Amino acid sequence: MSYRLANRAGEAVLLDGADFWAMGMDPMDALADVDDLHRLWANRGLPDGQLSPAELGPPVPNPQQVFGYGLNYRDHIEEIDRVDPMGRTASEAPVVFTKFPTCLVGPSAPVKLVGEHCDYECELVAVIGIETRAVDEAQAWDRVAGLMIGQDISDRALQTAASPPQFSLGKSRESFGPIGPALVSPDLVENPDDLAISCEVNGDLRQNSRTSFLMRPVAEMVAYLSSILTLHPGDLIFTGTPGGVGHAQGVYLKPGDVIRSEIEGLGAMDNPCV
Ligand code: ZN
């Protein structure tokens, strides 16, 4: 099933390059029927027009649940343990937190920094397409509507202000969840388990990895979560960030910075910091 679904000023559109096809409905309603999305994509005909990236909102504006996997790339575990030595290793059970959905914004939205310790985390985001409960890994990809880029912006000071750390608040400030530019069905990328992922700040390459280095790949994450709770269409899974975050170098985001996030086959997002 193929489609690229985006959000143009609150309305679902199919997006191919700059060309768009208006669907006349809310993006969440569009996502609730992926078979229909596929049918519309296959028969899309002449586009309704062209749009600029600045018009795009979050492809999934109101998910019921947003999960974040922490410490899912080995080089990120190692760099965090250098800054704050705790002997971290790949944990037996996954480290999972919530990003509250109110933090989600579009692919070119400004990131509103608070304090001196805000940081970037470029991540692959998997979007659930069908209600899912207790699937095994072999079935898991069939439950994924698509993939997109996400920034798990993190206020490190807030995140570590309490003990144990409160990831969920530190990663949920207003505008701390840029996603986009479009939700891309998994068949439209060459290998959904092996995509180049990178992040630049002001043109300076900070993160550069491949999603094949995910210690818990997408299918395992979906299977694990679905063993505990029911996943709903539109639920997001931020899959973790590779090494190279600012926190590991003591360098944080500042107003005027531009964060460029890129994943092979999914496009790029440019988010200015204010
Ligand atoms: Zn993260």
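Residue numbers count from 1 along this sequence. Atoms within each ligand, like the ligands themselves, are counted from 1 in listed order. The figures that follow rest on heavy atoms only: side chains count, while hydrogens, waters and symmetry mates do not. Since the model is a prediction, treat every value here as computed from it, not as a measurement.
- Panel note: side chain Ser226, backbone Thr132; no donor-acceptor pair is recorded below 3.5 Å.
- Listed by chain and number, Glu121 OE1, Glu123 OE2, Asp152 OD2 are the protein N/O/S atoms closer than 2.8 Å to the Zn ion (ligand 1), with waters left out.
- The number of heavy-atom neighbours closer than 6.0 Å to CD of Glu137, taken from other residues, nucleotides and ligands shown, is above 12.
- Contact check on Arg44 versus Asp19 returns no salt bridge, with no Lys/Arg side-chain nitrogen under 4.0 Å from an Asp/Glu carboxylate oxygen.
- When all heavy atoms of Arg260 and Ala268 are compared, the pair lying nearest together is NH2-CB, 3.5 Å.
- Taking the ring pair (Phe, Tyr, Trp, His ring centres under 6.0 Å) definition, one finds that Phe97 meets it with Phe167, sequence neighbours left out.
- Note on ring orientation: taking the six-membered ring where Trp is involved, the planes of Tyr224 and Tyr69 are perpendicular (angle over 60°, cut-offs 30° and 60°).
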